[in-house]
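Reckoned from all heavy atoms, side chains included, excluding hydrogens, waters and symmetry mates. Read the numbers this way: they start at 1 and go in the same order the structure lists the ligands and their atoms. Remember, it's a predicted structure, so these values are computed and weren't measured experimentally.
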Amino acid sequence: MKSTLITNARIINENRNFTGHLLIRGQYIEKIWADTYPPSVAPQTEIINAQGKWLLPGVIDDQVHFREPGLTHKGDLYTEPKAAVAGGVTSFMDMPNTTPSTTTQALLNEKISLAASKSIANFGFFIGATNDNIEELKKTDPRTTCGIKVFMGSSTGNLLVDDPQALDAIFRLRKLPIAVHAEDDTIIKKNLETYRSRYGDDIPMEMHPLIRSTEACFQASSLAVSLAQLHKSRLHLIHLSTAQEISLLGKSARLSQKLITAEVCVHHLWFDDQDYEAKGSLIKWNPAIKRAEDREALIAALLDNHLDIIATDHAPHTLAEKDRPYTLAPSGAPMVQHSLPLMLQFHHQGIIPVERIVEKMCHNPAEIFRIKNRGYIREGYYADLVIVDPNDPWTVNSHNILYKCGWSPLQGTLLKSRVCQTFVNGHLAYDQGQFNESERGMVLEFDR
Ligand code: DOR
């Protein structure tokens with residue numbers, strides 16, 4: 001069985017930050033030594049000297065759209081996991097708005113087999129809720145499915161639950177976490193008509209946060225929260241984008257005490273509405289990027305534990321699609337290769353400590369979804385690990401972007417930290433620009 005010893009690393013895990021050494025044996029973390037040098041190891045052990053580098057648990061991204069099946073001109077389960085691993089993301093949780101939408105057991109199983117044959121990262125899938133698939137949701141296995149995804153607000157694809165009775169029935173199902181995209185469709189449609197009558201299809205991109213407005217977000221998030229409170233269901237609000245929605249959330253570091261948890265995405269922390277002028281549709285997301293005040297409130301809410309997870313909502317579209325006028329340009333952009341280095345920029349700027357980034361990107365997704373044996377650097381856990389050089393600057397450009405769509409809204413951005421190596425289940429899948437694709441990732445298992 002293969003063994004690798006990582007020596008002299010700055011290990012950042014469970015709110016600690018210490019110099020140590022770690023032995024990987026097969027798929028697992030066998031031993032961790034803090035400070036003291038490890039006793040002699042077997043002669044065939046491969047040794048990686050991580051002096052000056054950081055060792056983090058692999059990132060678990062709880063919201064990606066890898067587009068397979070059906071939308072594979074944008075991304076697929078081979079290309080996007082590679083980009084993820086190059087960015088230090090070892091596990092992803094994929095959303096159901098593919099073509100067809102993942103709304104049945106058969107379609108869930110098809111995705112699992114596709115990923116098992118193509119993905120170098122570990123994977124899990126959400127089942128999509130519709131107005132009429134409650135029987136399929138009831139059949140879903142909580143041990144192999146991430147959760148139920150509810151679009152309360154339409155976005156890419158045709159998954160929208162707008163029937164109050166269907167929503168109520170979904171929230172009564174308590175066996176799986178419910179991940180909600182919360183934007184009120186009626187408010188959005190009304191706003192869109194107002195702007196369309198003024199501008200036609202070519203609405204200026206900076207109107208996007210006025211169409212997909214704060215009110216639309218707050219209205220839908222409030223409804224989701226009240227349904228979860230009524231039925232005691234495990235609600236996970238995804239990609240919150242406004243200061244106002246934070247008032248709906250509890251503030252506790254003890255996740256076990258939270259019925260309602262919440263995610264923020266890196267783009268809502270990084271961009272604000274001043275960026276529409278330069279980036280246009282490249283930063284058109286649903287929910288929209290909003291004001292600087294919202295961005296600052298989201299950062300503060302991460303620090304005081306109103307917000308629990310940092311994810312990407314990685315949502316690739318082609319540049320040709322993005323080039324269309326406002327009403328036809330799809331929302332979403334790729335981010336999974338850049339989320340960790342981008343978040344580490346906040347650390348370098350003194351805004352978010354690296355320990356906190358690890359908590360929100362690695363530990364908390366594992367806790368909230370109850371992922372077995374991942375998300376931490378612990379003996380006996382899967383060796384999903386990232387070695388980062390905190391001081392090896394690089395610029396995002398068309399040569400180093402690995403997304404199938406070939407672009408990033410971060411093009412031209414200088415990032416100070418670089419992912420050097422990524423281990424997935426003990427396998428060195430990415431090593432300084434090179435992939436070893438001899439192993440595939442595993443399906444995530446949930447302890448429920
Ligand atoms: O901007 C978005 N794009 N938001 C979503 O929730 C879906 C995503 C997509 O799939 O394109």
Side-chain angles (χ1 to χ4, degrees), residues 61-77 80 92-103 111 125-129 146-162 178-185 188 192 205 208-209 211-213 216-217 220-221 224 236-242 245 262-271 273 275-276 279-290 309 311-324 326-336 339 403-405 407-409:
D61 192 332
D62 82 337
Q63 196 201 164
V64 303
H65 304 265
F66 282 177
R67 305 302 193 200
E68 192 162 354
L71 298 167
T72 51
H73 64 290
K74 299 174 194 270
D76 63 51
L77 286 166
E80 306 314 274
F92 64 87
M93 297 161 69
D94 185 70
M95 289 297 168
N97 56 335
T98 43
T99 307
S101 302
T102 321
T103 52
K111 269 192 169 180
F125 296 97
F126 283 87
I127 185 158
C146 305
I148 299 170
K149 170 69 183 287
V150 181
F151 280 90
M152 283 170 72
S154 49
S155 198
T156 302
N158 55 6
L159 282 172
L160 173 68
V161 184
D162 56 359
I178 304 172
V180 169
H181 176 141
E183 289 185 286
D184 186 291
D185 230 44
I188 294 169
L192 182 59
M205 216 47 77
H208 189 49
I211 295 168
R212 299 196 75 115
S213 63
C217 295
S221 289
H236 184 55
L237 283 168
I238 59 171
H239 49 34
L240 291 192
S241 62
T242 68
E245 288 165 292
E263 170 210 279
V264 64
C265 287
V266 289
H267 48 277
H268 289 122
L269 300 170
W270 188 256
F271 296 112
D273 60 2
D275 295 308
Y276 284 111
K279 305 262 177 198
S281 67
L282 301 186
I283 60 161
K284 182 185 189 224
W285 262 284
N286 298 336
I289 307 277
K290 301 204 170 53
I309 287 182
T312 61
D313 188 6
H314 174 85
H317 297 284
T318 65
L319 272 182
E321 290 164 335
K322 280 291 203 181
D323 234 11
R324 297 173 188 155
Y326 176 84
T327 55
L328 302 171
S331 292
M335 193 52 86
V336 77
S339 55
Y403 309 130
K404 192 172 196 179
C405 66
W407 64 275
S408 158

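H208 and N286 share a donor-acceptor pair across their side chains, judged by distance under 3.5 Å alone. A donor-acceptor pair shorter than 3.5 Å cannot be found between the side chains of H239 and E183. A donor-acceptor pair shorter than 3.5 Å can be found between the side chains of K290 and S241.
Ring pair F125/F92 is perpendicular by interplanar angle, where above 60° counts as perpendicular and below 30° as parallel.
Among H317, K404, E68, the one residue that satisfies the side-chain contact (heavy atoms from CB on, under 4.5 Å) test with K74 is H317.
Ligand 1 is surrounded by H65, R67, N97, S155, T156, H181, H239, W285, N286, D313, A315, H317, S331, G332, each with at least one heavy atom closer than 4.0 Å.
In this structure, K111 pairs ionically with D94, as a charged nitrogen and a carboxylate oxygen lie closer than 4.0 Å.
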